[in-house]
Amino acid sequence: MKKTLIALSIVAGLMLAASPASSEVYIDGFLQGLYGARLDQDNPTATEQTASETRLQLRAEDFGDKGEFFARLDFIYDGADSADYDWELREGYLKFRLGSNFDFKVGRQILTWGTGDLIFINDVFAKDYRSFFVGRDDQYLKAPQNALRMEYYNSLGNFSAVWTPRFEGNRLPTGRRLSYYNPMVGATVGEGYFFDPPPPDSKFENGEIATRFSRQVGNFNTALYFYKGFYKNPLGFDPVAMSAVYPRLNLYGASIRGAIAGGVLWAEGGYYDSRDDRDGDNPYRPNSSVTGMLGFERQVASNLTVNGQWQVDYMLDHDIFKAQQMPGVYVRDEARHLLTSRVTQLLNSELVTLSGFVFYSPTDEDAYVRLSVDYKYSDEISLTVGGNIFDGGHQNTEFGQFASNDNVYMKMTYGF
Amino acid sequence: MRNLSRILIIALVAIGATAAVQAQDTAELMKQSHLAYYYAGDDGKSEVIMRMVDKKGKERTKEFIMLRLDTEEGGDQKYYTYFKKPSDISRLTFMVHKSATGNDKRWIYVPSVDLVKPISADDKNSSFVGSDFSYEDVSGRHWTEDNHTLVGDSTMDGKDVYVIESVPKKAYKGFARRISYIDKSNMLPLKEEYFSKKDKLVKIMRAEKIENVDGIITITSRSMENVKKSRKTTVEFSQINYNVGVTDDIFTERYLKTPPRQYVK
């Protein structure tokens, strides 16, 4: 009830702001219906619908000489599980400049950096895989964070720092709509195993700090990264509370990206320092790891763009990790390889977009395929159909655990 | 006209030395036209409405703001585009560092995911945002990339025009031959006809409206008709300003993420 009142007052505020008195405020948005169904029958989840929702997004923007304001507010009716109304402030921030070198962005915001295409090494801003796996728009892969971003520009380059006072973890499948692997049970679970790990305590020291220094060197954009916070997935376990936890993490990384050979080339690496398990001997915390990727994208025909990426994730102290595992459970290799490829074909004067994205790990023997066809019927209306297909030889790998969650969806959007 | 040009070329070749001078003069005319058309002022700002009509008569519209800075007159340029409509691309920004001689560099910023992305830009002939204009049609194909021949003089809508044929020096998939009709009074192209390798007319650019903007004669509406696909795109420019003092730093990631509000409203 309280939430509804807040939502109503925000809408009222937006409408007031949009009144002719302040002609600068600009409002637009979209109305969208998304319906998805699972292809697998034997899934332990509560519903066979992966999506059944109507979404209204309102965007409001105002700006003056000193700064600008932007808000993005979603209202959702979600009937996939039990009928439910919900709303979320996706973004609501103030942007302003101090002097000529400092840019600030304060408030609820979506944050992205790094070079990968759906592979995130140094981008440790919150992701929403619950949305990503059921066909919501690409923008929903990114979950908002309440944060303060500062950017400093000078002739050396650009220094960015993001402080998120309250940790924001990734949104992962909960078992209600998408099943997942539960190591406690040793099986893929659904209904009855609602996955909702507690975030780190609300303490000043538990805030997240993400920094980047980037600089253009010739054709290439180079960057260094440092992050202090927690793993965004709850990879740890608290044996007393019998609950998954977010382990502490320091991350050091670097990236480079630029135009070469008629395309765009990128490389990125990172060292994940698992602060609570530096020797790798704590069975309840993830081991540290070193990870790197290489990618290249090129327009191969006038409306056809193809890219490929190769990532290697190297776990430190893998022998100790291996010795800690229960017998019979698949143990990942010391070096996990992941190959991805995206193919985008535009047809009919860019009104039709065919898109395919494949993740494939030869070491984990699992895969995830995303397919979609999007048709812009008019400037306002677009139609999308798509599918998410998971496959794997083991039920505890990154994509293998979702093997029963294959789904297809359709989506209609009216933009205004 | 084609035959006429053939005869003319043959005649010119026969004269030999005169032909070389002639070709150079024609290249100079094309240079003047190019500068008048694509390099007006040192920089420029305008609001753009782009209407695309397909063969069934269905219309789609895009609205955006465009900033241009000439790094060098007749040379490299920088373009900044801020999309206003339709809704699915509103606030999206796009930047091109155009190289007169090499490959362009292009970046896109998608605000809904805070994503800055360089785009592979090998192909200057690919469509600009789904329209019948290519990137090259928007920012201009450098005159030194083609051999130009003055085919003759003519009149068009009561204006005296040069008729110039341009043939790419290196085989090019955009066109095999182009005929430009250039207004002698202001050097702006009133019409351009593009022919394919099989010498079929494939597209036609027309200057639909020409106005005096701050003392600079400007094409304020132009269209590109795709003859083969029976499609047409019309681009209207409004709120045009020249020499507004656009600075080089605007064409960087910082402003890609935060539009320069003094120009982008």
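Just so it is clear, the structure is predicted and the values come from calculations on it, not from any experiment. Chain letters run A, B, ... following the sequence lines, proteins first, then strands; residues in each count from 1.
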A.B. asks: Below 4.5 Å from any heavy atom of chain B, which atoms of Phe125(A) appear? Answer side chain, backbone, both or neither.
C.D. replies: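 It is neither, since no heavy atom gets under 4.5 Å.
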
A.B. asks: Between chain B and each of Arg257(A), Lys142(A), Gln109(A), count heavy-atom pairs under 4.5 Å; write down the option with the most.
C.D. replies: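 Among Arg257(A), Lys142(A), Gln109(A), the one with the most close pairs to chain B is Arg257(A).
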
A.B. asks: Which answer fits Lys58(B), side chain, backbone, both or neither, if we ask what part of it has an atom under 4.5 Å from a heavy atom of chain A?
C.D. replies: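 For Lys58(B), the contact with chain A is made by the side chain alone.
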
A.B. asks: Apply the side chain to side chain donor-acceptor pair (under 3.5 Å) test between Asp146(B) and each candidate in Arg177(B), Lys169(B), Arg141(B); give the one that qualifies.
C.D. replies: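 Only one option passes, and that is Arg141(B).
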
A.B. asks: Please flag which part of Glu68(A) lies under 4.5 Å from any non-hydrogen atom of chain B: side chain, backbone, both or neither.
C.D. replies: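 Interface part for Glu68(A): side chain.
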
A.B. asks: So what's closer than 4.5 Å to chain A heavy atoms on Thr258(B): side chain, backbone, both or neither?
C.D. replies: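 When you check distances to chain A, atoms from both the backbone and side chain of Thr258(B) fall under 4.5 Å.
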
A.B. asks: Sort out for me which of Lys376(A), Lys105(A), Glu380(A) touches chain B most, counting heavy-atom pairs under 4.5 Å.
C.D. replies: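 Among the listed options, the one with the most contacts to chain B is Lys376(A).
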
A.B. asks: Name the option with the most non-hydrogen atom pairs under 4.5 Å to chain B; the candidates are Gly29(A), Gly114(A), Ser349(A).
C.D. replies: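 If we count pairs closer than 4.5 Å to chain B, Ser349(A) comes out on top.
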
A.B. asks: Under 30°, 30 to 60°, or over 60°: which ring-plane class applies to Phe96(A) and Phe104(A), parallel, tilted or perpendicular?
C.D. replies: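 If you compare the ring of Phe96(A) with that of Phe104(A), the planes turn out parallel.
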
A.B. asks: Minimum heavy-atom separation for Gly135(A) and Leu34(A), please, with both atom names.
C.D. replies: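 Distance-wise, the nearest heavy atoms are O-CD1, 3.9 Å.
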
A.B. asks: Starting at CZ of Arg370(A), measure out to CG of Leu118(A) and round the result to the nearest 0.5 Å.
C.D. replies: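 So the gap between those two atoms works out to 6.5 Å.
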
A.B. asks: Is it true that Asp42(B) and Tyr242(B) share a donor-acceptor pair across their side chains at a distance under 3.5 Å?
C.D. replies: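 Absent: no donor and acceptor within the cut-off.
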
A.B. asks: Identify which part of Tyr377(A) has an atom lying under 4.5 Å from any heavy atom of chain B, answering side chain, backbone, both or neither.
C.D. replies: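 It is both, since atoms from each part get that close.
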
A.B. asks: Under 4.5 Å from any heavy atom of chain A, what part of Lys265(B) do you find: side chain, backbone, both or neither?
C.D. replies: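 Interface part for Lys265(B): both.
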
A.B. asks: Sort Asn348(A) into side chain, backbone, both or neither according to what part of it lies under 4.5 angstrom from a heavy atom of chain B.
C.D. replies: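 No part of it gets close to chain B.
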
A.B. asks: How are the rings of Phe64(B) and Phe83(B) set to each other: parallel, tilted or perpendicular (split at 30° and 60°)?
C.D. replies: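 Geometry flag for Phe83(B) against Phe64(B): tilted rings.
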
A.B. asks: Anything under 30° is parallel, anything over 60° is perpendicular, the rest tilted; go ahead and classify Tyr135(B) against Phe128(B).
C.D. replies: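 Perpendicular: the ring planes of Tyr135(B) and Phe128(B) meet at over 60°.
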
A.B. asks: Considering only heavy atoms, which portion of Leu141(A) lies under 4.5 Å from any heavy atom of chain B: side chain, backbone, both, or neither?
C.D. replies: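 Nothing of Leu141(A), per the 4.5 Å heavy-atom cut-off to chain B.
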
A.B. asks: Can you find a heavy atom in the side chain of Asp214(B) that is under 4.5 Å from one in the side chain of Asn241(B)?
C.D. replies: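 Heavy-atom side-chain distance check passes, below 4.5 Å.
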
A.B. asks: Below 4.5 Å from any heavy atom of chain B, which atoms of Tyr153(A) appear? Answer side chain, backbone, both or neither.
C.D. replies: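 Answer is side chain: those atoms of Tyr153(A) sit under 4.5 Å from chain B.
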
A.B. asks: In this structure, are over 12 heavy atoms from other groups packed under 6.0 Å from Lys200(B) atom NZ?
C.D. replies: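 No.
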
A.B. asks: Against chain B, label Glu151(A) side chain, backbone, both or neither, depending on which of its atoms sit under 4.5 Å from a heavy atom there.
C.D. replies: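 Contact with chain B: side chain only.
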
A.B. asks: So which of Tyr140(A), Phe70(A), Trp266(A) has the biggest tally of heavy-atom pairs under 4.5 Å with chain B?
C.D. replies: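 Looking at each of Tyr140(A), Phe70(A), Trp266(A) in turn, Phe70(A) comes out on top.
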
A.B. asks: Using non-hydrogen atoms and a 4.5 Å limit, figure out which bit of Arg72(A) sits close to chain B: side chain, backbone, both or neither.
C.D. replies: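 Looking at Arg72(A), just its side chain touches chain B.
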
A.B. asks: Specify which of Arg254(B), Arg231(B), Arg91(B) makes the most heavy-atom pairs with chain A at under 4.5 Å.
C.D. replies: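 Of the candidates given, the most pairs with chain A belong to Arg254(B).
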
A.B. asks: Return the minimal non-hydrogen interatomic distance between Arg97(A) and Asp103(A), and the atom names on each side.
C.D. replies: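 So the two residues come closest at NE-OD1, 2.8 Å.
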
